[in-house]
Amino acid sequence: MFQFPAGSNTAPLTTAVARPTFSGLTGGGFDPLSLNPILAFEASRSMLAAGDGAAENLDLVATFENRVSGGANATQTAASNQPRAHVPVGDGHLYLSGVSGNYASVPDADNLDGFNDFTLEFVGSSEDWHDGLALSLIGKYRPGVSSYVVRLQASGTIFLLYSSSTTDYAYYSNASHNLVDGAKGGIRVIRSGSSLLFYENLYTGNGWQQIGTAVSGNSATLANRGHQVEIGSYNYGGSYPFNGPVFSTKIWNSASPDTASPVLDVDFSGGEHKASTFACSTGQTVTINKSGNDPATIVRRPFLRFDGADSRMDGSFNESNTAGGYMFVVYSVNGNGGEASGRVFVMNSAGEQGYNNTRSFLWSLRKGTENNIAYYQNSTWQGIHTLGFDPVDGTLLHELKAVDGAQFSKVNNGDIQTSSLNLSLSSEEFDIGATPASSSNPAIDIEALYLFDHTLTDADATKVRDYLNTNSSIY
């Protein structure tokens, strides 16, 4: 059996991929700003990179800008603690973190191998095109059950493996690719008889250009083997995982991709936001395989990702909050949810931890290590929902009205939980994604966070709820 060259992907998550930011939705004309919120954060409009420019896809976010003019922002000055912006590139993409177990797959089928001439094509973007890493693009391979693999080598050449029923054949392009770090790029490999052709597309108007010259290969018929097609890795996501946005992958049982129809055509903008599966245009089911707290994600809407270990943001109210208010937060949970009692949004009296006094209020947090969302005040759990902190829950809307003597909490406009705490609040500071002591970090994606004055009416709360539900397609 052919042995792959040594190498490993252990590099950290990619940094910024320069792309236009998402404009956001308008909720049919209604804007919550018309109701004079205290805090108004939306990932589509509030994420700023260092220097206060709009955060692009995979930028670190230094400021979560309050949409309220003159209102308090949430900030994080330490780059190692900044959450990361995810913004749809074009009509959407698949985000891959470069961590094993994160990839897309299509089930084995007779028409995905067993042919003679073929074309394999991958289109994506990576900050690591030239970072000395091997990056898997397409693979139908596991040890002893191989059909083909296309991989970028750390040297910049293109590696192609394909297998007959008895033999694995391995070849390399005789020149390096010219893909630009952080920019969209495509790789296409064609076998025509025994001739192997390697192409690249820089998407600068010149189309597909040949890399080097033709390489002499073997014309044997590909084996028909029972392993899935993997996008962004091979061997069940364990080998040289790709790092960055993936836009599309195509396979042809032909050496003429510009005229023949593909047997596999996966365009990740065809999947719903954060979908686990979707049907591609050639009819196969595409599965998004996820691992860890920075999982593979179809990105169709902007969100701010907190890593469950280090990322967090905080701010100071313009004036002390003494009356409570009405909070709405749109979020989803990743991986194991991060640390115990992970804080989504909390406020505290200056210099205090917030959990053990009557001056502070923990609006939205995980209940210990359970998969439940709740609120908390003065060392006591309140409003515990038996959902809200598990990735399977999808995108959620947690809302909570808290005033002296009466509090109620909802998830997705249901599962109402109530309490009747006597509140004597005096909170000058707030935190997103951590405690004031920078602990209890959740692994979450936030799309929107609003805090209104306690006088918000039920009718206006309905407008806000409907606006957020429409924008994020929650329920």
Asp131 (side chain) donor-acceptor with Leu133 (main chain) under 3.5 angstrom: no
Geometric class of the Phe118/Phe115 ring pair [parallel <30°, tilted 30-60°, perpendicular >60°]: tilted
Heavy-atom check, side chain of Ser276 versus side chain of Ile288, under 4.5 Å: no
Atom of Gly92, atom of Phe247 and distance for their closest heavy-atom approach: O-CD2, 4.3 Å
Heavy-atom closest contact (Met47 atom, Val87 atom, distance): CE-CG2, 3.9 Å
For Tyr148, the option from Val189, Leu161, Leu222 that meets side-chain contact (heavy atoms from CB on, under 4.5 Å): Leu222
Nearest-0.5 Å distance that lies between atom CD1 in Ile187 and atom CG in Leu120: 12.0 Å
Donor-acceptor pair, side chain of Asn66 and main chain of Ala40, under 3.5 angstrom: yes
Pair Arg300 + Glu272, salt bridge at N-O below 4.0 Å: no
is_close_aromatic(Tyr171, Phe159), centroid dist under 6.0 Å: no
side-chain contact (heavy atoms from CB on, under 4.5 Å) between Arg225 and Val145, intermediate numbers included: CA-CA 6 Å; Arg225 297 267 173 74; Val145 186; 3.8 Å; yes
Asp91, CG atom: more than 12 neighbouring heavy atoms under 6.0 Å: no
Over-ring placement of Arg151 relative to Tyr240, 6.0 Å and 45° cut-offs: yes
N/O donor-acceptor pair under 3.5 Å between Asn218 side chain and Ala220 backbone: yes
Side-chain donor or acceptor of Ser364 paired with backbone N/O of Phe345 under 3.5 Å: no
Closest approach of Ser239 to Asn235 (non-hydrogen atoms, all atoms of both residues): OG-CB, 3.7 Å
Any side-chain heavy-atom pair of Tyr141 and Glu230 under 4.5 Å: no
Cation-pi, Phe122 ring and Arg188 (6.0 angstrom, 45 degrees): no
Under 3.5 Å donor-acceptor, Glu339 side chain and Ser439 backbone: no
CA sep, side-chain torsions, deciding dist, call: Asn334, Asp445, side chain to side chain donor-acceptor pair (under 3.5 Å): CA-CA 8 Å; Asn334 296 317; Asp445 298 334; 3.0 Å; yes
side-chain contact (heavy atoms from CB on, under 4.5 Å) assessment of Ile432 paired with Ile446: CA-CA 10 Å; Ile432 303 171; Ile446 290 181; 3.6 Å; yes
Student check: side-chain heavy atoms of Arg142 and Tyr236 closer than 4.5 Å: yes
Residues Asp113 and Lys140 bridged, charged N to O under 4.0 Å: yes
Exercise: do Asn73 and Thr75 side chains pair donor with acceptor under 3.5 Å: no
Residue pair Arg305 / Pro83, side-chain heavy-atom distance below 4.5 Å: no
Minimum heavy-atom distance between Trp252 and Ala260, given as atom pair plus value: NE1-O, 3.1 Å
Parallel, tilted or perpendicular: ring planes of His177 versus Trp129, cut at 30 and 60 degrees: perpendicular
Worked verdict on His93 versus Phe268 for ring-ring contact (aromatic ring centres under 6.0 Å, His included): CA-CA 5 Å; His93 64 272; Phe268 288 101; 9.3 Å; no
Min side-chain heavy-atom separation Leu160-Phe198 under 4.5 Å: yes
Any donor-acceptor N or O pair under 3.5 Å, side chains Asn178, Glu200: yes
Side-chain donor-acceptor contact under 3.5 Å, Ser146 with Ser163: yes
Taking every non-hydrogen atom, the tightest pair across Leu264 and Cys280: CD1-SG, 4.1 Å
Leu137 side chain near Val150 side chain, heavy-atom distance below 4.5 Å: yes
Distance, nearest 0.5 Å, that separates CG of Asn372 from OG1 of Thr386: 6.0 Å
Pair Tyr450 + Phe328: ring centers closer than 6.0 Å: no
Pair Tyr95, Asn102: side-chain N/O donor-acceptor within cut-off below 3.5 Å: no
Within 6.0 Å of OH in Tyr355, more than 12 heavy atoms from elsewhere: no
CA sep, side-chain torsions, deciding dist, call: His385, Ser409, side chain to side chain donor-acceptor pair (under 3.5 Å): CA-CA 9 Å; His385 297 272; Ser409 174; 2.7 Å; yes
Stepwise ring-ring contact (aromatic ring centres under 6.0 Å, His included) check, Tyr376 with Trp381: CA-CA 5 Å; Tyr376 190 98; Trp381 292 100; 4.8 Å; yes
Exercise: do Thr282 and Gln284 side chains pair donor with acceptor under 3.5 Å: yes
Side-chain heavy-atom pair Arg312, Asn441 within 4.5 angstrom cut-off: yes
Donor-acceptor contact present, side-chain Asn371 to main-chain Asp390, <3.5 Å: no
Parallel, tilted or perpendicular: rings of Tyr331 and Phe389 (30°, 60°): tilted
Taking every non-hydrogen atom, the tightest pair across Lys410 and Arg465: NZ-NH2, 3.7 Å
Thr221 versus Asn116, side-chain donor and acceptor atoms under 3.5 Å: yes
Passing option when Lys274 is tested against Ser332, Pro391, Pro295, Ser473 for side-chain contact (heavy atoms from CB on, under 4.5 Å): Ser332
Flag, side chain of Ser164 to backbone of Thr167, donor-acceptor distance under 3.5 Å: yes
Tyr234/His227 aromatic ring centres below 6.0 Å: no
Thr249 vs Val123, side-chain contact (heavy atoms from CB on, under 4.5 Å): CA-CA, chis, key distance, verdict: CA-CA 6 Å; Thr249 296; Val123 180; over 6 Å; no
Residues Asp307 and Asn293: side-chain donor-acceptor under 3.5 angstrom: no
Sub-4.5 Å side-chain heavy-atom contact between Arg301 and Thr395: yes
Qualifying residue, where the test is side-chain contact (heavy atoms from CB on, under 4.5 Å) with Val89 and the options are Val246, Asn57, Leu58, Val299: Asn57
Trace of the side chain to side chain donor-acceptor pair (under 3.5 Å) decision for Asn174 with Thr213: CA-CA 7 Å; Asn174 51 29; Thr213 57; 2.8 Å; yes
Side chain to side chain donor-acceptor pair (under 3.5 Å) evaluation trace for Thr63 with Glu65: CA-CA 6 Å; Thr63 302; Glu65 185 178 40; over 6 Å; no
